[in-house]
Participant: 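One structure is given below, represented as C-alpha cells, and several questions about it will come after.
Treat the numbers as computed from the prediction; the structure is a model and nothing was measured. This chain uses plain numbering: 1 for the first residue, then up along the sequence.
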Amino acid sequence: MNSRTEDFKIGTFHGKLNPENSCSEAKLRNDLYLIGSLILKINENDIKTIRLIGYEIPLKSGASRVNCIDLLGYDQNHTPYIIELKKSSSNESLLEIIDQINEYEILFKDVKSYIEKEFKTKYHWKNFSFSSDLIKIILVHRDFFGEEENKQLKKIKKNNKIYICSFGRVKNISITDKDGKGRITLLGQCGSKGYVNLRIHNK
C-alpha cells in the first residue's frame, strides 16, 4: 500500500458516534475527540494544550483500519502529536506499543504535507503548517500499569519526544451499570471543561 494523499478525516466525525461496546477503545477515543483538548503539564513552566483535529487517521491508501493514528492533535507551537490509546485490558506490552507508535511516526512524516493541506482547507487557515518537531503520547488508564509494565517503565528514560500518560484528575473513566456492563463516562466528566488532564509517567 502507498502513502495516503487525501481524505485523512481531519476536522470531521466519522464512524459510529456510540459504538455497540460502550466501554471500548473506540468509545474512549470518541469521547476524547468530542471533548476536544488535552492538557500536558511537562513542568510548572511548560504546559501544552493539545487541540485534537482528527481520529482514526489513515496513513496508507486503501487501508480502512490498518495503520491508523488513534488521535492527532497540535499544540500552541503547532507541534503535531500522535496519540495512541490503550485500555487497561490490552494484551500488548508497553514496549510493543512504543514500537507501534514509532512506526506511525515514520508513516506520518510521509503524509505530513498532505495532512497540512487538508487542515488548511477544513479550517480556512491557508498559512498553517506543523512545526518540524513531533511528539508521541501513549495514553492508557493507570490500571494498565501492572507489575510488568512498571518494570518496563523504569527502563524507559525520560524522553521529550514520547510521553507515557494516564488520565489525570479522573478517578474512573468508566462505570459499571446495574446490568454489569461497563460504560465509558469521560465525556460526561470532562465535556464541560473542554479538556482532559494527562499525567506523565516517564518524567
Side-chain angles (χ1 to χ4, degrees), residues 13 15-57 68-76 79-94 97-98 100-101 104 135-154 156 158-160 162-203:
F13 201 96
K16 291 184 178 180
L17 176 61
N18 294 304
E20 293 179 9
N21 183 350
S22 60
C23 204
S24 64
E25 284 181 16
K27 179 63 168 66
L28 178 59
R29 177 203 66 211
N30 289 3
D31 276 18
L32 286 166
Y33 184 67
L34 288 171
I35 293 167
S37 294
L38 307 174
I39 302 296
L40 185 69
K41 185 177 180 179
I42 298 170
N43 56 53
E44 292 296 332
N45 300 312
D46 191 3
I47 299 174
K48 308 297 186 186
T49 300
I50 305 163
R51 180 73 176 93
L52 300 176
I53 61 171
Y55 67 94
E56 281 292 295
I57 304 293
C68 290
I69 296 173
D70 282 343
L71 290 162
L72 178 65
Y74 70 101
D75 66 17
Q76 56 267 49
T79 302
Y81 286 72
I82 293 174
I83 301 156
E84 179 67 16
L85 292 177
K86 295 295 178 184
K87 288 186 64 180
S88 57
S89 58
S90 174
N91 293 322
E92 296 172 272
S93 72
L94 188 55
I97 299 170
I98 289 173
Q100 180 183 9
I101 202 169
Y104 288 164
I135 294 176
K136 296 162 287 186
I137 293 176
I138 294 171
L139 179 54
V140 298
H141 191 277
R142 55 181 171 269
D143 290 345
F144 173 85
F145 297 102
E147 183 177 348
E148 183 59 33
E149 287 72 28
N150 281 321
K151 286 180 181 179
Q152 293 177 4
L153 192 61
K154 290 178 182 179
I156 301 168
K158 179 180 178 181
N159 189 326
N160 62 0
I162 182 167
Y163 293 100
I164 299 165
C165 300
S166 64
F167 300 92
R169 303 178 190 177
V170 177
K171 186 175 182 180
N172 291 303
I173 64 171
S174 64
I175 62 171
T176 302
D177 294 331
K178 293 180 180 179
D179 58 4
K181 293 182 179 180
R183 179 164 57 88
I184 297 289
T185 60
L186 197 60
L187 180 60
Q189 295 182 66
C190 301
S192 61
K193 296 179 182 178
Y195 62 88
V196 175
N197 285 293
L198 303 185
R199 176 190 174 193
I200 301 173
H201 289 262
N202 63 322
K203 280 189 174 181

Participant: With a 4.5 Å limit on heavy-atom distance, are the side chains of K48 and I42 in contact?
Facilitator: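 Heavy-atom side-chain distance check passes, below 4.5 Å.
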Participant: Which heavy atom of N18 sits nearest to which heavy atom of K27, and what is that distance?
Facilitator: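 Residues N18 and K27, closest heavy atoms: OD1-CE, 4.0 Å.
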Participant: Is there side-chain contact between L139 and L71, with at least one heavy-atom pair below 4.5 Å?
Facilitator: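 Of all side-chain heavy-atom pairs linking L71 with L139, none is under 4.5 Å.
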Participant: Would you give the length of the straight line joining atom OG1 of T185 to atom CG of D31, rounded to the nearest 0.5 angstrom?
Facilitator: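 CG of D31 is found 8.0 Å from OG1 of T185.
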Participant: Flag the pair L187 / I35 as yes when at least one side-chain heavy-atom distance between them is below 4.5 Å, and no otherwise.
Facilitator: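 L187 vs I35: side chains touch.
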Participant: Tell me the closest heavy-atom pair linking I173 and V170, and the distance in Å.
Facilitator: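 So the minimum-distance heavy-atom pair works out to CG2-CG1, 4.1 Å.
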Participant: Not counting sequence neighbours, list each pair that qualifies as a ring-ring contact (aromatic ring centres under 6.0 Å, His included) and has a residue in residues 174-200.
Facilitator: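 Listed by first then second residue: nothing to list.
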Participant: Quick one: are T49 and I39 in side-chain contact, heavy atoms under 4.5 Å?
Facilitator: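 Yes, their side chains come closer than 4.5 Å.
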Participant: Quick check for you: to the nearest 0.5 Å, what is the distance between I50 atom CD1 and L40 atom CG?
Facilitator: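 Between I50 CD1 and L40 CG, I get 5.0 Å after rounding to 0.5 Å.
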Participant: Can you tell me how far the CD1 atom of I82 sits from the CD atom of Q100, to the nearest 0.5 Å?
Facilitator: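 That separation rounds to 11.0 Å.
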Participant: What closest approach, in Å, do E84 and Y104 show between heavy atoms, and which atom pair accounts for it?
Facilitator: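 Minimum heavy-atom contact is OE1-CE1, 3.4 Å.
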Participant: Grab the two heavy atoms, one from Y74 and one from Y81, that are nearest each other, plus how far apart they are.
Facilitator: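 Heavy atoms only, the tightest pair is CA-CD1, 4.2 Å.
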Participant: Ignoring hydrogens and angles, tell me if any N or O in the side chain of N202 forms a donor-acceptor pair with the backbone of I162 under 3.5 Å.
Facilitator: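 Yes.
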Participant: Considering only heavy atoms from C-beta outward, does the side chain of L34 approach that of L17 to under 4.5 Å?
Facilitator: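 Yes - at least one pair of side-chain heavy atoms lies under 4.5 Å apart.
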Participant: Restricting to side chain to side chain donor-acceptor pair (under 3.5 Å), what partner residues turn up for K136, sequence neighbours left out?
Facilitator: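 So K136 forms a side chain to side chain donor-acceptor pair (under 3.5 Å) with N102, E105.
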Participant: Please lay out, stage by stage, how K87 and C23 fare under the test side-chain contact (heavy atoms from CB on, under 4.5 Å).
Facilitator: CA-CA 9 Å; K87 288 186 64 180; C23 204; 4.0 Å; yes
Participant: Using 0.5 Å steps for rounding, measure from the CG atom of L85 to the CD1 atom of I97.
Facilitator: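 Reported value, rounded in 0.5 Å steps: 10.5 Å.
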Participant: Which heavy-atom pair separates S90 from K86 by the least distance, and what is that distance?
Facilitator: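 Heavy atoms only, the tightest pair is OG-CD, 4.1 Å.
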Participant: Counting C-beta onward and ignoring hydrogens, is there a side-chain heavy-atom pair between R51 and S37 closer than 4.5 Å?
Facilitator: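 R51 reaches S37 side chain to side chain.
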Participant: Please determine which of I164, D70, L198, I200 meets the side-chain contact (heavy atoms from CB on, under 4.5 Å) test together with I137.
Facilitator: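 Of the listed options, the one satisfying the test is L198.
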Participant: I need the R142 CZ to F167 CZ distance, nearest 0.5 Å.
Facilitator: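 Between R142 CZ and F167 CZ, I get 10.0 Å after rounding to 0.5 Å.
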Participant: Below 4.0 angstrom, N of the basic side chain to O of the carboxylate: do D177 and R183 qualify?
Facilitator: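 Looking at D177 and R183, the cut-off is met.
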Participant: Where do S166 and H201 come nearest, in terms of heavy atoms and distance?
Facilitator: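 Closest heavy-atom pair between S166 and H201: OG-NE2, 2.7 Å.
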Participant: Taking P19 as the fixed residue, which of I184, L28, N30 is the one that meets the side-chain contact (heavy atoms from CB on, under 4.5 Å) rule?
Facilitator: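 So the option named by the test is N30.
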Participant: Evaluate the criterion side-chain contact (heavy atoms from CB on, under 4.5 Å) for residue pair L38 and I83; output intermediate values, then yes/no.
Facilitator: CA-CA 11 Å; L38 307 174; I83 301 156; 3.6 Å; yes
